[in-house]
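See structure below.
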Amino acid sequence: MGKYQEDSKELLELIGGKSNIAAVSHCMTRMRFVLNDPDKADVKGIEAMKVVKGSFTQSGQFQVIIGNTVADFYNDFVSVAGVEGVSKDQVKQAAKQNQNVLQRIVTALAEIFAPLIPAIITGGLILGFRNCIDSLYLFENGTKTLCDLSQFWTGVDSFLWLIGEAIFHMLPVGICWSVTKKMGTTQMLGIVLGLTLVSGQLLNAYDVATTAAADIPAWDFGFFKVNMIGYQSQVIPAILAAFTLVYLEKFFRKITPAVISMIVVPFCSLVLSVIAAHFILGPIGWRIGSAISSLVFAGITGSFRVVFGAVFGFIYAPLVITGLHHMSNAIDLQLIADYGGTMLWPMIALSNIAQGSAVLAMIVLQRKNAEAQEVNIPSCVSCYLSVTEPAIFGVNLKYVFPFVCGMIGSAVAGVVSVATSTTASAIGVGGLPGILSIKTESMLSFAICMVIAIVIPFVLTLIVGQKKLTASQKNGVENGWNDTAEEENEKAAETGSVQTAALEEKNEAGHTALGAQEMPGELVAFLDGKVIPVKEVGDGVFSEGIMGDGIAIIPENETLVSPVAGEIAVTMDASCHACAVRTDNGMEILLHIGLDTVDMNGDGFEYLITKGQRVKAGTPLIRFSKEKIRAAGHRDVTMCIISDPGQTKNLRYHLTENAKAGETVVATFE
């Protein structure tokens, strides 16, 4: 009988029995269920189980947090339940039954655009920089730009457009590739299909409006003609064409004998999808996209545009929580394609700033609370640079009122933004740097809106916070983090503990030699990079301490090493994205590379160890690819979680900007 047989029986009953399980799988720490009827699950009863550390529902999956022993629990559960486990991808597919149509559309859009975001951000920065050097008349009494004065900057401006054009004009290529990647079909066919939509043989989409109907080139088939129009920067035509290719390939793969599939499947799929794209789907998609952008544009520029700006500015931050904000990318890009700019993106950037300003007020309110500041300050900085999740999930939603104050400030800024027709020429650059994506004629109005988005949330949060926050929340009851060894030694002296001179020297230096750390008492950095509190990760599981306390590193290298001497207790052979180390004093340490990287199914990860192997501090554990993690739309922040302290006492962490793997001491304990 397995160790978790009885717990498995209890969980099976609380989850609604075998008949309520549509699919089940597991990752490094969680059981992942797709339930036929989620309402049948007794969530309170499940969370009351000793073996369960928590639960939550996400993207149609009911996830039960078990911990490092989840693999053993999973084996006992499927045996007791009499169900067959499936892969994570199959669970994700099954989870769609618990999503409504809108949720499925949003999920699909998010998965399509996530791998494209790094390129879109780069393109936005490039266009913003080009705006500064070729459109800002700052010289000779406001009559000339930097490019007018310098041939060098003229050359830079022209050269950078090579990248900008590749990103935005050729966007359909990236979309078609991303769709085929998401759907598991031939990615090269997706790239070729995308290229046919932006071919130089076609009339550029940007020239269609200024070209007379009689001058538009066409394919003449004798009894009918088809216009040779390109779809540069068009989103919906590319999505429709790509999904047509996907389903044609799956259809022909299903009906074609294996001996000729290499010829028949790609040929028939590509030719038919290209025909459909240019004859039917392209024109239809163009009209759909134009209708959507026209509707939004009418809302932004019409008689009630002030109301539109107030509503959009107020609700954008809540949209981030639900994931619905991903739909705005497609709308923004369509607006840019149709009107040469978007007035939505400035409001998005202002919403980022407003939430960051609410956190800035929390920094002032909690200036004496060192523990809170370890979350507040980095969250504020990242929010001002357009990464809002740490601020929203780590600070503002925790207290609620800063979140609402940020929404109010965003709404007011949104009103002014649309009232002044503030327009962006590109997307991807948000927060304070968002001004680089704004058209030069709108930069002054955007700057005014930025001031509004900073001042109103800041002042409102200060006023409300003075009444809402208790003295303990402002000042902090206890600070368990130490940024310097000096602070720790002072605390140790106050409690009467004495450290040896050698340990004091090591703590002051902040590091120990690679491989030298064999004695208990220290954890060394497991990666090169910036060490942050795990609370800043903002994933809702690790950051909430459900799995245990810990730290995280934003990696600068791609080899995870052991922070301590011990034995490899847990591995994930299918995904290779995490492992656990057990020390001789019983402490268990979970090392988890990235967020949601289990979905990558091992692509970009390689184990350098095996389960049961003895390791030293600094022993390489996993080699991984930061580029592949980002391309999959995930963050590469890596967690070190103390899932079981064993006999460890007085564990204290050390934050640093430049940790070196296997060298820098990131925690000390007794």
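In this text the structure is predicted, and so the values were computed from the model without any measurement.
Side-chain atoms of Met600 and Ile629, non-hydrogen and from C-beta on, do get closer than 4.5 Å to each other. Proximity of Lys250 to Thr185: side-chain heavy atoms (C-beta onward) are separated by under 4.5 Å at one or more points. Between His169 and Asn204 there is a side-chain heavy-atom pair separated by less than 4.5 Å. Within the 4.5 Å cutoff, the side chain of Val173 has heavy atoms near those of the Ile191 side chain. Using a 4.5 Å heavy-atom threshold, the side chains of Phe624 and Leu527 count as touching. Contact of the Leu591 side chain with the Met639 side chain is not registered, since no non-hydrogen atoms from C-beta on lie closer than 4.5 Å. Within the 4.5 Å cutoff, the side chain of Phe243 has heavy atoms near those of the Met183 side chain. Residues Lys628 and Asp603 meet the side-chain proximity criterion, which asks for heavy atoms closer than 4.5 Å.
Under the 6.0 Å cut-off for aromatic ring centres, Phe33 and Phe77 qualify, their centroids lying closer than that.
Salt-bridge annotation for Lys626 and Glu558: absent, with no side-chain N of the basic residue lying under 4.0 Å from a carboxylate O of the acidic one. With respect to Asp636 and Arg630, a salt bridge is recorded, a charged nitrogen being found less than 4.0 Å from a carboxylate O.
Counted within 6.0 Å of CD on Glu606, heavy atoms from surrounding residues, nucleotides or ligands total more than 12; the atom is thus considered enclosed. Within a 6.0 Å sphere centred on CD of Glu165, other residues, nucleotides and ligands contribute more than 12 heavy atoms. Within 6.0 Å of CZ in Phe221 there are more than 12 heavy atoms belonging to other residues, nucleotides or ligands.
Judged by distance alone, with hydrogens and angles left aside, the side-chain atoms of Thr597 form a donor-acceptor pair with the main-chain N or O of Ile593 at under 3.5 Å. Tyr607 contributes a side-chain N or O that, together with a main-chain N or O of Met572, makes up a donor-acceptor pair within less than 3.5 Å. Here the side chain of Thr180 pairs a donor or acceptor atom with the backbone of Trp177 at under 3.5 angstrom. For Gln613 (side chain) and Ile568 (main-chain N/O), no donor-acceptor pair under 3.5 Å exists by modelled atom type. In terms of modelled atom types and a separation under 3.5 Å, the side chain of Asp528 and the main chain of Ala661 share a donor-acceptor contact. Of the possible polar contacts, none joining the Lys181 side chain to the Gln187 backbone as a donor-acceptor pair under 3.5 Å is found. When atom types are taken as modelled, the side chain of Asn227 and the backbone of Ile216 share no donor-acceptor pair closer than 3.5 angstrom. Of the possible polar contacts, none joining the Thr186 side chain to the Met188 backbone as a donor-acceptor pair under 3.5 Å is found. Under the 3.5 Å distance criterion, the side-chain polar atoms of Asn20 are matched with a main-chain donor or acceptor of Asp37.
In this structure, Cys640 SG and Ile589 CD1 are separated by 5.5 Å, a value rounded to the nearest 0.5 Å. A distance of 13.0 Å separates CG in Leu240 from CG in Leu245, rounded to the nearest 0.5 Å. Rounding to the nearest 0.5 Å gives a distance of 12.0 Å between OG of Ser25 and CZ of Arg30. Rounding to the nearest 0.5 Å places CZ of Arg623 at 11.5 Å from CG of Asn557. Annotation: the span from Lys9 atom NZ to Asp76 atom CG amounts to 10.5 Å, rounded to 0.5 Å. Atom CG in Asp207 sits 12.0 Å away from atom CG in Asp215 (nearest 0.5 Å).
Scored by the side-chain hydrogen bond (donor to acceptor under 3.5 Å, both in side chains) test, Asn75 finds no partners at all (sequence neighbours excluded).
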Could you go through the side-chain contact (heavy atoms from CB on, under 4.5 Å) check for Asp338 and Phe297 one step at a time? CA-CA 10 Å; Asp338 291 345; Phe297 189 76; over 6 Å; no

Does the side-chain contact (heavy atoms from CB on, under 4.5 Å) test come out yes or no for His634 and Leu595, once each step is laid out? CA-CA 6 Å; His634 303 307; Leu595 298 180; 5.6 Å; no

Go through it in stages, so that I can follow the logic: the residues are Val198 and Leu171, the test is side-chain contact (heavy atoms from CB on, under 4.5 Å), and I'd like the CA-CA distance, side-chain angles, deciding distance and then a yes or no. CA-CA 9 Å; Val198 296; Leu171 183 64; over 6 Å; no

side-chain contact (heavy atoms from CB on, under 4.5 Å) assessment of Ser8 paired with Phe73: CA-CA 7 Å; Ser8 297; Phe73 186 95; 4.2 Å; yes

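Looking at every heavy atom in both residues, Ile622 comes nearest to Cys579 through CD1-SG, 4.3 Å. Heavy-atom minimum distance, Ala238 versus Ile175: CB-CG2, 3.9 Å. Residues Val24 and Tyr74 approach most closely at O-OH, 3.9 Å, considering heavy atoms. Shown here for Thr559 and Pro620, the closest heavy-atom pair between the two residues is CG2-CB, 3.9 Å. Pro172 and Leu197 make their closest contact through CB-CD1, 4.1 Å (heavy atoms, listed as atom of the first residue, atom of the second, distance). Between Cys176 and Gly190, the shortest heavy-atom distance links the atoms CB-O, 3.0 Å.
Ring planes of His577 and Phe605: perpendicular class, angle over 60° (limits at 30 and 60°).
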Using distance only, find each side-chain donor-acceptor pair of residues 262-284 under 3.5 Å and give its atom names and separation, not counting sequence neighbours.
{"unit_1": "Ser269", "atom_1": "OG", "unit_2": "Glu249", "atom_2": "N", "d": "3.4"}
{"unit_1": "Ser269", "atom_1": "OG", "unit_2": "Val265", "atom_2": "O", "d": "2.6"}
{"unit_1": "Ser273", "atom_1": "OG", "unit_2": "Ser269", "atom_2": "O", "d": "2.9"}
{"unit_1": "Ser273", "atom_1": "OG", "unit_2": "Leu270", "atom_2": "O", "d": "2.9"}
{"unit_1": "His278", "atom_1": "NE2", "unit_2": "Thr196", "atom_2": "O", "d": "3.0"}

